Amino acid sequence: LALIRASLPRHDNSATVERLLSFIRSEPDNTDILFDVISILEDIYFTEISESVLKWASKRHPENPDIRARLAMTLILRGNISEGCNIYSDLVSKYSDFYRFTDGITHALICIDQHEAAAGIVLQTLPLTDDVNIKKILCNNIGLSLTALDHSAEAIPFYDEALRIDPCLL
């Protein structure tokens with residue numbers, strides 16, 4: 001897969017897509033391959049195909065929260081906010097460590113300028129996690145959302161907290 005990524009032909013993506021899908025067909029239960037293929041598909045702007053593959057994988061592995069979280073992010077990035085957020089809500093209700101999915105969901109919402117929704121999710125999640133790696137990302141995400149909503153003064157404490165946790169964010 002690394003070789004495919006390194007040599008992505010920009011002129012014949014259909015052949016690349018077919019090669020990528022053959023990896024999934026050959027090892028349908030290997031989630032590492034699945035996520036690598038999804039990343040490459042999204043890198044070459046085949047998000048519709050990545051959505052279809054994730055829906056297929058989600059049916060094949062209905063109890064795999066990582067596949068469902070990635071599907072939620074892909075749906076949101078493709079503009080299907082309602083379905084993506086419904087999947088995220090389902091993850092929240094089923095998994096006590098749901099906050100680990102919040103970074104991806106809020107990042108997807110930020111990418112499509114849904115800053116109020118992203119900020120709302122972060123504000124609900126932030127008090128529930130003690131994981132400093134997740135906390136720094138969430139603080140940064142809410143800072144980005146608040147800044148985009150012209151609430152820069154409110155964003156500063158969140159940026160400060162992210163930098164306190166990890167000064168290398170500068």
Side-chain angles (χ1 to χ4, degrees), residues 1-6 8 30-47 50-51 53-54 57-58 61 63-170:
L1 288 170
L3 288 174
I4 290 177
R5 182 184 294 281
L8 284 175
N30 187 327
T31 55
D32 290 335
I33 288 176
L34 172 73
F35 289 124
D36 285 345
V37 167
I38 294 302
S39 292
I40 294 170
L41 286 169
E42 290 176 355
D43 285 350
I44 58 175
Y45 307 107
F46 279 86
T47 57
S50 66
E51 178 184 330
V53 170
L54 284 164
S58 186
H61 308 281
E63 296 307 314
N64 185 318
D66 297 314
I67 292 172
R68 294 183 46 73
R70 185 64 184 260
L71 174 59
M73 289 184 287
T74 299
L75 288 165
I76 290 168
L77 288 169
R78 295 199 69 238
N80 193 339
I81 299 167
S82 177
E83 188 177 355
C85 287
N86 285 340
I87 291 171
Y88 174 73
S89 294
D90 184 54
L91 291 169
V92 167
S93 70
K94 288 182 179 176
Y95 298 95
S96 61
D97 64 343
F98 72 89
Y99 55 81
R100 69 187 172 110
F101 307 117
T102 304
D103 166 40
I105 298 301
T106 57
H107 177 75
L109 289 165
I110 289 167
C111 285
I112 61 167
D113 294 327
Q114 294 294 315
H115 298 286
E116 287 182 25
I121 289 172
V122 172
L123 286 173
Q124 290 177 331
T125 305
L126 206 49
L128 303 175
T129 181
D130 294 325
D131 184 318
V132 294
N133 288 320
I134 292 173
K135 193 170 274 211
K136 76 175 179 192
I137 293 167
L138 294 180
C139 284
N140 191 58
N141 283 357
I142 195 166
L144 292 170
S145 289
L146 290 171
T147 301
L149 294 167
D150 291 326
H151 298 288
S152 299
E154 294 171 46
I156 291 171
F158 292 102
Y159 286 133
D160 286 344
E161 178 65 10
L163 288 170
R164 186 193 65 71
I165 294 169
D166 185 356
C168 294
L169 285 174
L170 284 177

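Everything quoted here is computed from the prediction, not taken from an experiment. Residue numbers count from 1 along this sequence.
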task = Please report the closest heavy-atom contact between Ala118 and Ile110, naming both atoms and the distance.
result = CB-CG1, 3.9 Å
note = Between Leu146 and Glu154, the two heavy atoms sitting closest are CD1-O, 3.7 Å
Derivation and outcome, side chain to side chain contact (heavy atoms under 4.5 Å, CB included), residues Asn80 and Arg78 = CA-CA 6 Å; Asn80 193 339; Arg78 295 199 69 238; 5.6 Å; no
remark   = Heavy atoms of Leu34 and Ala57 approach each other most closely as CD2-CB, 3.7 Å
ask   = How long is the gap from CD1 on Ile105 to CD1 on Ile76, to the nearest 0.5 Å?
value = 4.5 Å
message = Ile112 vs Ile81, test: side chain to side chain contact (heavy atoms under 4.5 Å, CB included). Steps then yes/no.
response = CA-CA 10 Å; Ile112 61 167; Ile81 299 167; 3.7 Å; yes
ask   = Can you list the steps and then say if Thr47 with Leu77 is a side chain to side chain contact (heavy atoms under 4.5 Å, CB included)?
value = CA-CA 9 Å; Thr47 57; Leu77 288 169; over 6 Å; no
task = Test side chain to side chain contact (heavy atoms under 4.5 Å, CB included) on Val53 and Val37 and set out the steps.
result = CA-CA 9 Å; Val53 170; Val37 167; 5.6 Å; no
query = Got more than 12 heavy atoms from elsewhere within 6.0 Å of NE2, His107?
reply = no
query = What pair of heavy atoms forms the shortest contact from Ser50 to Thr74, and how long is it?
reply = OG-CG2, 3.8 Å
query = What's the spacing between Tyr99 OH and Leu126 CG if we round to 0.5 Å?
reply = 12.5 Å
query = Can you check whether Leu54 reaches Ile38 side chain to side chain, under 4.5 Å on heavy atoms?
reply = yes
ask   = Could you give the distance from CD1 (Ile87) to OG (Ser82), rounded to the nearest 0.5 Å?
value = 10.0 Å
ask   = What distance separates Ile142 CD1 from Thr102 OG1, expressed to the nearest 0.5 Å?
value = 11.5 Å
ask   = Closest heavy-atom contact between Leu91 and Phe98?
value = O-CB, 4.0 Å
message = Looking at every non-hydrogen atom in both residues, tell me the closest pair between Met73 and Ala108 and how far apart they are.
response = O-CB, 3.8 Å
key: Gap between atom CD of Glu51 and atom CG of Leu41 - 0.5 Å precision   = 12.0 Å
query = If you look only at pairs with a residue in residues 135-147, which of them pass as a side chain to side chain donor-acceptor pair (under 3.5 Å), with sequence neighbours excluded?
reply = Asp103-Asn141, Thr106-Asn141, Lys136-Asp166, Thr147-Tyr159
key: Residues in side-chain hydrogen bond (donor to acceptor under 3.5 Å, both in side chains) contact with Thr125, at least two apart in sequence or another chain   = none
ask   = According to the salt bridge (Lys or Arg N to Asp or Glu O under 4.0 Å) rule, which pairs have a member within residues 63-74, sequence neighbours left out?
value = Glu42-Arg70, Asp66-Arg100, Arg68-Asp90
query = Taking atom CG of Leu138 and atom CG of Asp131, what is their separation to the nearest 0.5 Å?
reply = 9.0 Å
ask   = Below 4.5 Å, heavy atoms only, C-beta onward: do Ile156 and Phe158 meet side chain to side chain?
value = no
